[in-house]
Amino acid sequence: FYQVSDRLNSSRSIDEIVEILLDSASRELAPDMFGVWLLREGNWNQATLWPPDDQMPAAGEFLNRSFDSLALLKAFHEGEPLLLEQSRIGEYFSVDGDAAPQSSLIVPMRVHGRISGMIGAFKLNEARAYTEGTRRTLQLYADRAALAVQNIHLDDNLQTTFLQTIQSLVGALEAKDEYTKGHSERVMQWAMIIGELVGLSELALSDLQRAALLHDIGKIGINLDALNRPGKLSDTEVEEFKLHTVIGKRILEPVDFLRGSIPAVTHHHERWDGSGYPLGLESEDIPLGARILGIADSFEVMITDRVYRKALTLDEARSELQSSAGSHFDPRIVERFLEWLSTFDTLDDLPVKGGRRDYLDEQTGDEPEENVA
């Protein structure tokens with residue numbers, strides 16, 4: 001129980017909690033069928049049903065049947081132990097008598113007196129019926145899981161509030177320049193597309209999403225005036241600008257739930273050939289999230305009007321990505337992204353639009369040697 005509790009304490013998602021419950025139940029209760037249902041806003045949502053339909057169709061047929069929510073909630077609130085023989089399962093689940101499990105065990109997921117879900121374990125063989133001891137064991141797991149689920153919801157709410165505050169700061173930063181207004185939001189959308197194309201996990205996508213939204217947060221600590229004028233940046237200005245990745249890292253480090261996003265924020269200007277910054281990392285030494293974010297950031301800049309040039313066309317942007325694969329960018333990620341981009345004809349067809357203007361200021365100047373922004 002302590003080992004399971006420790007795993008639940010460290011879980012970061014509902015899916016992980018459900019996986020822990022299933023693993024623990026399979027070892028300690030040996031069910032023939034197992035289900036977890038979560039109660040949110042008055043609706044029961046299936047979190048997991050095991051075994052899958054393709055492994056045991058009869059189990060899927062039973063577990064997918066409707067159940068009497070009011071009867072179950074009444075029993076839960078009255079503290080009635082639902083340790084059911086075959087003849088009683090029909091009081092709660094819609095099932096034919098002959099097809100009903102021989103022994104059923106249903107417990108609520110409770111936290112601070114509130115029902116947040118339920119867990120059901122079912123045996124088909126009467127000789128292996130559940131006991132009061134197994135019911136209490138499953139109830140311990142259920143209550144601990146309910147607390148873990150609540151903590152995740154509370155953490156999600158806190159994270160959302162914090163991110164909204166940070167995004168407001170980023171928005172204020174970008175609003176100073178109409179060319180970069182909305183840049184981080186668009187980079188986030190491109191990063192999500194590329195992340196899904198290369199098969200990132202749900203957790204990695206979440207970390208990448210936050211990193212993309214916050215990748216320029218370090219610019220709060222530098223003078224941006226030089227970036228908003230035509231012409232080349234001086235060597236001193238370039239070096240000052242490069243500090244924004246390190247400043248961003250320092251800003252985010254104290255925030256525990258953003259630690260998974262820090263590598264991408266810190267290293268999204270590294271280059272595949274090792275010529276980037278801040279550390280000059282190369283190839284796969286660059287964190288995967290940073291490689292994806294670097295492509296998303298650069299592509300968004302390519303298809304957006306900037307003070308020194310109009311947005312590139314889609315063909316020009318694709319050519320730029322292709323020519324930079326293997327030098328600036330991870331060639332395999334670029335290849336997958338270009339394959340996806342080939343299904344679009346123009347910038348207007350893309351699901352994420354660049355920052356476009358109807359006109360370009362009649363200012364002239366040399367294009368910077370490299371677009372470090």
Applying side chain to side chain contact (heavy atoms under 4.5 Å, CB included), name anything that partners [X], two or more places apart in sequence or on another chain.
X    : result
S275 : R271, D273
V187 : H183, A212, H215, L293, A296, D297, E300
A47  : V18, V36, L38
E284 : W272, R291, R332

Rounded to the nearest 0.5 Å, how far apart are [atom1] of [X] and [atom2] of [Y]?
X    : Y    : atom1 : atom2 : result
T137 : Y141 : OG1   : OH    : 6.5 Å
M118 : L73  : CE    : CG    : 8.5 Å
I17  : L22  : CD1   : CG    : 14.0 Å
R186 : L350 : CZ    : CG    : 12.5 Å
S184 : K219 : OG    : NZ    : 7.5 Å
I220 : I217 : CD1   : CD1   : 3.5 Å

Hey, quick one: are [X] and [Y] part of the same hydrophobic cluster, counting side-chain heavy atoms closer than 4.5 Å, chains of contacts allowed?
X    : Y    : result
V246 : V238 : no
M192 : L338 : yes
L203 : L252 : no
I194 : W340 : yes
I303 : L197 : yes

Looking at [Y], is its backbone amide N or carbonyl O close enough to the side chain of [X] to form a donor-acceptor pair, meaning the two atoms are under 3.5 Å apart?
X    : Y    : answer
T165 : T161 : yes
S206 : E202 : no
S261 : D207 : yes
S324 : L321 : no

Under a 3.5 Å threshold, yes or no: a donor from one side chain and an acceptor from the other, between Q150 and H153?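 Checked: Q150/H153 side chains show no N/O donor-acceptor pair below 3.5 Å.
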Ignoring hydrogens and angles, state whether a donor on the side chain of N157 or T160 is under 3.5 Å from an acceptor on the partner side chain.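 Note: N157 and T160 side chains miss the donor-acceptor criterion.
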Could you check whether the rings of H244 and F241 sit parallel, tilted or perpendicular, using 30° and 60° as the cut-offs?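 Geometry flag for F241 against H244: tilted rings.
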What closest approach, in Å, do [X] and [Y] show between heavy atoms, and which atom pair accounts for it?
X    : Y    : value
F34  : L21  : CZ-O, 4.0 Å
T131 : T134 : O-OG1, 2.7 Å
I89  : S104 : CD1-OG, 3.6 Å
V4   : S24  : CG2-OG, 3.3 Å
A264 : A211 : CB-CB, 3.7 Å
A75  : L82  : CB-CD2, 3.9 Å

Are Y130 and F122 near enough that their ring centres are under 6.0 Å apart?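 No - the distance between ring centres of Y130 and F122 does not fall below the 6.0 Å cut-off.
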Decide, yes or no, whether a salt bridge links [X] with [Y] under the criterion of side-chain N to carboxylate O below 4.0 Å.
X    : Y    : value
E85  : R88  : no
K242 : E239 : yes
K353 : D348 : no
K123 : D32  : no

Does any non-hydrogen side-chain atom of [Y] lie less than 4.5 Å from one of [X]?
X    : Y    : result
T245 : V265 : no
P278 : E270 : yes
R7   : D23  : yes
L213 : R210 : no
L200 : L288 : yes
P101 : M33  : yes
S298 : E320 : no

So does [X] have more than 12 non-hydrogen atoms from other groups sitting under 6.0 Å from [atom1]?
X    : atom1 : result
E19  : CD    : no
E80  : CD    : yes
E316 : CD    : yes
E132 : CD    : yes
R136 : CZ    : no

Report the C-alpha distance between L138 and L105 in whole Å, list the side-chain angles of each, state the deciding distance to 0.1 Å, and finish with yes or no for side-chain contact (heavy atoms from CB on, under 4.5 Å). CA-CA 9 Å; L138 187 58; L105 178 55; 4.0 Å; yes
Pair F93, F67 - check ring pair (Phe, Tyr, Trp, His ring centres under 6.0 Å), show working. CA-CA 4 Å; F93 279 78; F67 50 82; 5.6 Å; yes
Walk me through whether I292 and L208 qualify under side-chain contact (heavy atoms from CB on, under 4.5 Å). CA-CA 9 Å; I292 293 172; L208 179 61; 3.8 Å; yes
Hydrophobic cluster (4.5 angstrom, side-chain heavy atoms) - remaining members for V111: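 L147, which link up through side-chain heavy atoms under 4.5 Å apart, make up the rest of the cluster.
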Starting from I286, walk the hydrophobic network (Ile, Leu, Val, Met, Phe, Trp, Tyr; side-chain heavy atoms closer than 4.5 Å) and list everyone else you reach, by chain and number.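 So far as hydrophobic clustering goes, I286 is joined with L279, L281.
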Between F299 and F337, is the ring pair (Phe, Tyr, Trp, His ring centres under 6.0 Å) condition met? List the steps. CA-CA 10 Å; F299 184 72; F337 187 37; 5.2 Å; yes
Is there a salt bridge (Lys or Arg N to Asp or Glu O under 4.0 Å) between E253 and R250 once you walk through the steps? CA-CA 5 Å; E253 275 180 331; R250 291 173 181 168; over 6 Å; no
For I152 and I14, what are the C-alpha separation, side-chain angles and deciding distance, and is it a side-chain contact (heavy atoms from CB on, under 4.5 Å)? CA-CA 8 Å; I152 285 177; I14 303 297; 4.3 Å; yes
Take I115 and M109 through the test side-chain contact (heavy atoms from CB on, under 4.5 Å) and record every step on the way to the result. CA-CA 6 Å; I115 306 299; M109 296 173 65; over 6 Å; no
